[in-house]
Amino acid sequence: MSNNFYNEVYAVVRRIPAGQVTSYGRIAHMLGRPRAARAVGYALNALEEGRSRADGTAVPWQRVVNSVGRISLVNRENSAQHQAELLRAEGVLVTAELTLDMDKYLWPGLTLWELDEILGGHGS
DNA sequence: ACAGTGACAACAT
DNA sequence: TATGTTGCCACTG
């Protein structure tokens, strides 16, 4: 709540198309905070069953993995498996070791105008 | 206000 | 190549 950063993260994640993925670090970079990767993960952790608390809209958190294309919830087996299944349901090939091919599924990213919207810019 | 924490990432062995 | 260690940022008591 009152966390502008969280909302920015959610806004970006919501733009990731099904079947594609990106990393925490890339999202941080898009938001102009190249070193805030951990904070991005923290933001997703604050989600309630995949919905943002603020507006309750869905946030496809499963499309965010670490920089080497591996599901980062390995410390939480259940959640990690859940994420893997959600991705597979979207057509993403996830190995038993919870890794996927970044070169193949990487999301190109936001367009400049989309990013401008999220950052509160008012399309000039 | 201060110290601890965590769904990361880059660097160093 | 495979671990271990060190910064980083924003959030929480």
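Naming: A, B, ... by sequence-line order, numbering from 1 per chain. Here the structure is a predicted model, which means the values were calculated and not measured.
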J.: Any side-chain heavy atom of A:Ile71 sitting closer than 4.5 Å to one from A:Gln81?
T.: no

J.: Starting from P on B:dA10, measure out to CZ on A:Arg33 and report it in whole angstrom.
T.: 18 Å

J.: Are A:Ser23 and B:dC8 close enough that a side-chain N or O sits under 4.0 Å from OP1 or OP2?
T.: no

J.: Crowded around A:Arg35 CZ? As in, over 12 foreign heavy atoms under 6.0 Å?
T.: no

J.: Does A:Glu90 have any side-chain hydrogen bond (donor to acceptor under 3.5 Å, both in side chains) partners at least two apart in sequence or in another chain, and if so, which?
T.: A:Gln62, A:Arg63

J.: Whole angstroms only, please: what is the CD-C1' distance between A:Glu8 and C:dC9?
T.: 13 Å

J.: Please name all residues satisfying side-chain hydrogen bond (donor to acceptor under 3.5 Å, both in side chains) with A:Ser67, sequence neighbours left out, ordered by chain then number.
T.: none

J.: Quick one about A:Arg14 and A:Thr57 (side-chain donor to acceptor, distance below 3.5 Å, no hydrogens or angles considered), yes or no?
T.: yes

J.: Side chain of A:Tyr24 only, heavy atoms from C-beta on: which candidate in B:dA9, C:dC11, C:dC9 is closest?
T.: B:dA9

J.: Find the distance A:Arg70:CZ to B:dC8:P and express it as a whole number of Å.
T.: 11 Å

J.: Taking the nucleotide of DNA chain B with the closest heavy atom to each, which residue, A:Ser67 or A:Tyr42, is nearer the 5' end?
T.: A:Tyr42

J.: Identify the residue among A:Asn4, A:Leu47, A:Val40, A:Val64 that makes a side chain to side chain contact (heavy atoms under 4.5 Å, CB included) with A:Val9.
T.: A:Val40

J.: Which atoms of nucleotides 2-7 of chain C (N or O only) lie under 3.5 Å from a protein N or O atom, and what are those distances?
T.:
from	atom 1	to	atom 2	distance (Å)
C:dG7	O6	A:Arg38	NH1	2.9

J.: Scan A:Ala36 against the nucleic acid and name what it touches under 4.0 Å (heavy atoms): base, sugar-phosphate only, or nothing.
T.: sugar-phosphate

J.: Checking A:Leu87 against A:Leu100 for the side-chain contact (heavy atoms from CB on, under 4.5 Å) test, could you report, in this order, the C-alpha distance in whole Å, the side-chain angles of both residues, the deciding distance, and whether it holds?
T.: CA-CA 10 Å; A:Leu87 287 174; A:Leu100 55 82; 4.0 Å; yes

J.: In whole Å, what is the span from the OH atom of A:Tyr6 to the C1' atom of C:dC9?
T.: 11 Å

J.: Taking atom C1' of C:dC11 as reference, at what distance in whole Å does atom CZ of A:Arg53 sit?
T.: 12 Å

J.: Would you kindly give the CD1-to-P distance between A:Ile27 and C:dC9, to the nearest whole Å?
T.: 17 Å

J.: Could you give the CG-to-P distance, from A:Asn45 to C:dT12, as a whole number of Å?
T.: 10 Å

J.: Between C:dC9 atom C1' and A:His29 atom NE2, what is the distance in whole Å?
T.: 15 Å

